[in-house]
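Have a look at the structure below, then the notes.
Chain identifiers are assigned alphabetically (A, B, ...) following the order of the sequence lines, protein sequences preceding nucleic acid strands; residue numbering begins at 1 within each chain. Just so it is clear, the structure is predicted and the values come from calculations on it, not from any experiment.
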Amino acid sequence: MATPKEMLTTWDKIQFGAVLPSFEDPEKKIRSKFHSYNYKVADWRVEKPVYNRDLCIDCDFCWVACPDSCFEVEEVVNKRGKKQAKIVGINYNLCKGCGVCVDVCPTPIKSLLMFPEQIDNQEALNQWPKKEDK
Amino acid sequence: MKNIGNLKEFACTPDRFQGGHRLCPGCAHSMIVREVVNATDDDLVVSTATGCLEVCTSIYPYTSWDVSWIHIGFENAAAAISGVEAMYNALSRKDRLYNEDRKVKFVAFGGDGGTYDIGFQSLSGATERGHDFLYVCLDNENYANTGGQRSSATPIGAHTSTTPRGRVSYGEKQRKKDLTMIMAAHGCPYVATAVPGTKHWKDLAQKAAKALSTVGPTFINALSPCTTEWKFKPEETVEIADLAVETCAFPLYEIEDGHKLTITYRPKQKIPIEEYLGRQGRFAHLFKPENKWVIEEWQKNVDAYWEYLQRREEAGV
Amino acid sequence: MAQKYELKSKEVWDGNTAAAHALRQAQVDVVAAYPITPSTPIVQTYAQFLADGYVDGEFVKVESEHSAMSACVGAAAAGGRVATATSSQGYALMVEVLYQASGMRLPIVMTVVNRALASPLNIHGDHGDLYLGRDAGWIHLIANNPQEAYDMTLCAFKIAEDSRVRLPVTTNQDGFLVSHTAQVVEPLQDEDAYKFIGDYKPLNPLLDTKNPVTHGAQTEEEWHFEHKATQHKALMESKSVIEEVFNEFEKLTGRKYNLVESYKIEDADIALIVMGSAYETAMIAVDRAREEGIKVGLVMPRSFRPFPYNEVAEKLANVKAIAALDRNSPMGAMGALYNEVAGALAANGQNAVMTNYIYGLGGRDTTAEHILEVIKETNKNAEAGKRVTDLQGFINLRGPKLSFN
C-alpha cells in the first residue's frame, strides 16, 4: 500500500490526463495502486466495530449498509445448495467507525459492537455482553 | 435483468465500488451507489456530477471505482453520459466496439444540486433525446459538498447554511420540488424513488436492476440521509431513511411509461411526521411553539401527497 | 458504411459547407452540437449528410452548447473521433467545458465560426469568441477563406489525435465573410481525405470496460500544477506536429501552410500582423502601398495557440515598425495580438516600434483603403525611428478620433 506521499511524482512522470486505471491487472482483478481500496482511512476512527462470529447469523445487513464496503465476505453454499455470503471480517483500513453496522445488526445480542480504537479485538470479545446482561 | 434474490445471494456480488473514499462516516451515498452498480452483471460506464460522491471517490491519485467512470462538471453528468452512449452506438454501428462480447450499461449519478438544480437542463435534454441510461439522483436535500446550502430539494422548514433558522426565520420557505414526477412527465419508461438501508435494500436493488434492463432513459430518485447536514448521528443513517418511508415523507413508488404508478411499499401504520423531523437537528427549531405550524403544514402536505399517490395508483391511468 | 459523396475537383462552397464536408470526410464518430448563427449551416449540412446516408456516426442534437461540449467530452473519453461547431454566445456557454476537454487531454475538433460577443447582441464576425478561448488549453488554427476552413479542419483531426499532442483543436473562420461567402474550393476525394487523417487511435477509452479507467479526477495542490505544466508542454510542443501535418498536407494537395504565414515580408521595412479574412484584404493594401513605395509586409500566426512567438519574431527581425490589428475589443488593455507580438519581440531583443489597431468589431467593414491608412501611419513610425502615432487606434469607427497612448 503506497501512501499519497510515496505516490508524489514529478510532472514528467504523472498520469496522462489525470486518468487513473482501476486495475493493475484487469484480467485477474488486481487493483492498482491508484485504487482507494489501497488507501487507509483508519485514522478517521475513534471507535471501531468489533465483529463476533459466534453470534452472527450472516443476514448481511452490515454488508449492505456499510458506507465504506468494509465487510469481507466469502461465498459459501448453504444446506439447500444455494450460494450465500458469509461474513468473515472487517477491513479496518477502510472502516471510518461510523457505527451503522452496529445499528443495523439484528441479532438478540449484537454480533457487532463499538469499542475504543485501542482495545485488542480478543479483549473486546472477552468483554462481550452475555445473554443475562441483556 | 439481474435476479436480485435475497441479501445473502446479493452480497456474493463482486463489489464494483470500493471503500477508501473520503465520504463522511455514515454517508448514505455510498450505500446507494454500491447497490446500483451491483444491480447488474453487465459492464458499466458511470458519469458523476461534481458533488460529494465525485470529490470523495476520485481524489487524485485514487479512484474508488472498479467500473469506467467519468466526471466533467457540476451540471453535465447527463450530457456526459449521453455522449458516451452515443459513442457506443456509433462504434457498434461501425463494428469498432472495444469488447464485442460485453454488454455495457450507462449510469449517471448526481446530487440534488447536480440534478434538481444546475444539472436539470442537461438531464431533461438527455432524457428527452431518449438515450439509454439510468440517472440516479442522490438526494440529500442540500448542497452538502459546499457546506450545506439549500437546494430546490430542501424541504420546508429545514435549516441550511443559506436558509438558517433565526430570530425571524423558520428556515427554508419553499416545499421540496417534485422531481420524480417531473421526470415521469418526460415520458421515461421507468422512474422510481428509493432509499438505502436494510429494510428497503431490495426495493432499491430491484428498481436499479429494472431500470438498467429497461431500454431508454430511466430515473431513480434516492433519498440520501446526510448525517453531516441533517444533523443526526452517523450510525443513524439507516434509521432516518426508514423513518422517511414510514412517515411517508419520502414514499417508495415507481412509474412506468410516464404514467403507470405503483406504490412499492406501504407502511402498516403511517407514523406522524414529528418522529422523522424530531430526529434531525436541521428541524429542531420547528418544535418551538411559534414554528409548530410548519410541522402541521408538513403533515398536511405529506398526507395529501400520500393520498394522491394512492388514488393515482388505484386509478391505474 | 457511409456512402461516398461524389465531389468534383472544384466545388463552390462557403466556409460552413467546407467545414461540414471536412467533418463528413473525417468519419467523425460522434458530433454533438447546438445551432448558432453563423455556424448553424455546418450543423444543418451535417444533418443532411446524415439523412442522406453520407454519415454513419451519431449526431447528438443537444439542448445547449454547454451540453454539446459536455457530450463531446463524454464521447471523446468513451474512445472515438468527436467534433462540434459553434460561435459566439454558444462558445461562451461552452467555456467551462473547454477547459475540461483540454485538461482531460481529449482530441476534440471544433469548427468555430467567429462572431462578436454580446452585449449589445451582434451576429456578425469578430474574434471575441476566439480570444475568449485563448487560455482554454486548445490549439486554435486560423482559416482565412473557405478553402482554408476545409484544409484546417482536416489537419485539425490529425494534429489533435497525434499521440504527442492529444489536445482539442478549434479551426476558426470569420463569421459571414468566410462562413457565408462561396468561393471555389478544391476538396480531396473522400478516401484520400480519410486516409490523410487516418484511423482514430484510442487512448484510455471508457468503453474498453474490461480495463476500467477513471477520467476527470480531482487534483489538489500536490498535483494540479504538475498536470497543468504537462498540458502546457504538450501545447507548446504541438508546434512541431502542426508543421509536420502541414508538410504532409502539402505533399498531398500542393497547398502549403505554415505556423506563421507572411506576405512580402522578406524585404519589408514595416509589417502588419493580422488574423482572419482581413489578412486577404491587407494583401491588397500591401500591394497598393508598395506601388506607392512603402515596403510593407504581412504576418499572420496560423496558430493563435500555440503562439509561435519565436517564429513570429524571426519574421519580424528586420522591420522597423509594426502594427498589430486585433479584431476584438481589448477592454482595458492593448489587443492580445499586440501583446503576444510585443512579447515575442522583447524576448528576442528586437525593438521595432509597435502600435495596435482595433478593427471590424461586430462585422464592421474593414477595406483595403482602411488598411492602407494604417500602413501609412505605421510607416511614419518607421521613418521617425520612434512612435509618433497613437499607441492604440480604431479603424472605421464613426465619430471623433478615438485613441489611447
| When heavy-atom pairs shorter than 4.5 Å are enumerated against chain C, which of B:A79, B:G125, B:G73, B:A80 gives the highest number? | B:A79
| field | Residue B:L97 versus chain C: region with a heavy atom under 4.5 Å | value | neither
No hydrogens needed, just list the donor-acceptor pairs between chain C and chain B under 3.5 Å.
residue	atom	partner	partner atom	Å
C:Q27	O	B:K94	NZ	3.1
C:D29	OD1	B:K94	NZ	2.8
C:D29	OD1	B:R96	NH1	2.8
C:D29	OD2	B:R96	NH1	3.4
C:D29	OD2	B:R96	NH2	3.0
C:D56	O	B:R93	NH1	2.7
C:G57	O	B:R93	NH1	3.4
C:E58	OE2	B:R93	NH1	3.4
C:E58	OE2	B:R93	NH2	2.4
C:E63	OE1	B:R129	NH1	3.0
C:S64	OG	B:Q121	NE2	3.3
C:H66	NE2	B:E75	OE2	3.2
C:S70	OG	B:N76	ND2	2.9
C:G79	O	B:Y98	OH	2.7
C:Q100	NE2	B:I72	O	2.9
C:L206	O	B:S68	OG	2.7
C:D208	OD1	B:N99	ND2	3.2
C:T209	OG1	B:D43	OD2	2.7
C:V213	O	B:W69	N	3.0
C:T214	OG1	B:T63	OG1	2.5
C:H215	N	B:W69	O	2.8
C:H215	O	B:H71	N	2.9
C:G216	O	B:H71	ND1	3.0
C:Q218	N	B:S58	O	2.8
C:Q218	O	B:Y60	N	2.8
C:H227	NE2	B:Y60	OH	3.4

| task | I would like to know whether B:I72 and C:M69 meet side-chain contact (heavy atoms from CB on, under 4.5 Å); could you show each step before the answer? | result | CA-CA 10 Å; B:I72 309 176; C:M69 189 44 65; over 6 Å; no
| Measuring heavy-atom distances to chain B, does C:V28 have an atom under 4.5 Å in its side chain, in its backbone, in both, or in neither? | backbone
| Winner by heavy-atom pair count (cut-off under 4.5 Å) against chain B, out of C:G79, C:A32, C:P202 | C:G79
| remark: chain B shares the most heavy-atom pairs under 4.5 Å, among C:L206, C:V30, C:V213, C:V97, with C:L206
| Contact class of B:L91 relative to chain C, heavy atoms under 4.5 angstrom | side chain
| field | B:V67 portion near chain C, given a 4.5 angstrom heavy-atom threshold | value | backbone
| message | I'd like to check C:M104 versus B:I70 (side-chain heavy atoms, cut-off strictly below 4.5 Å). Are they in contact? | response | yes
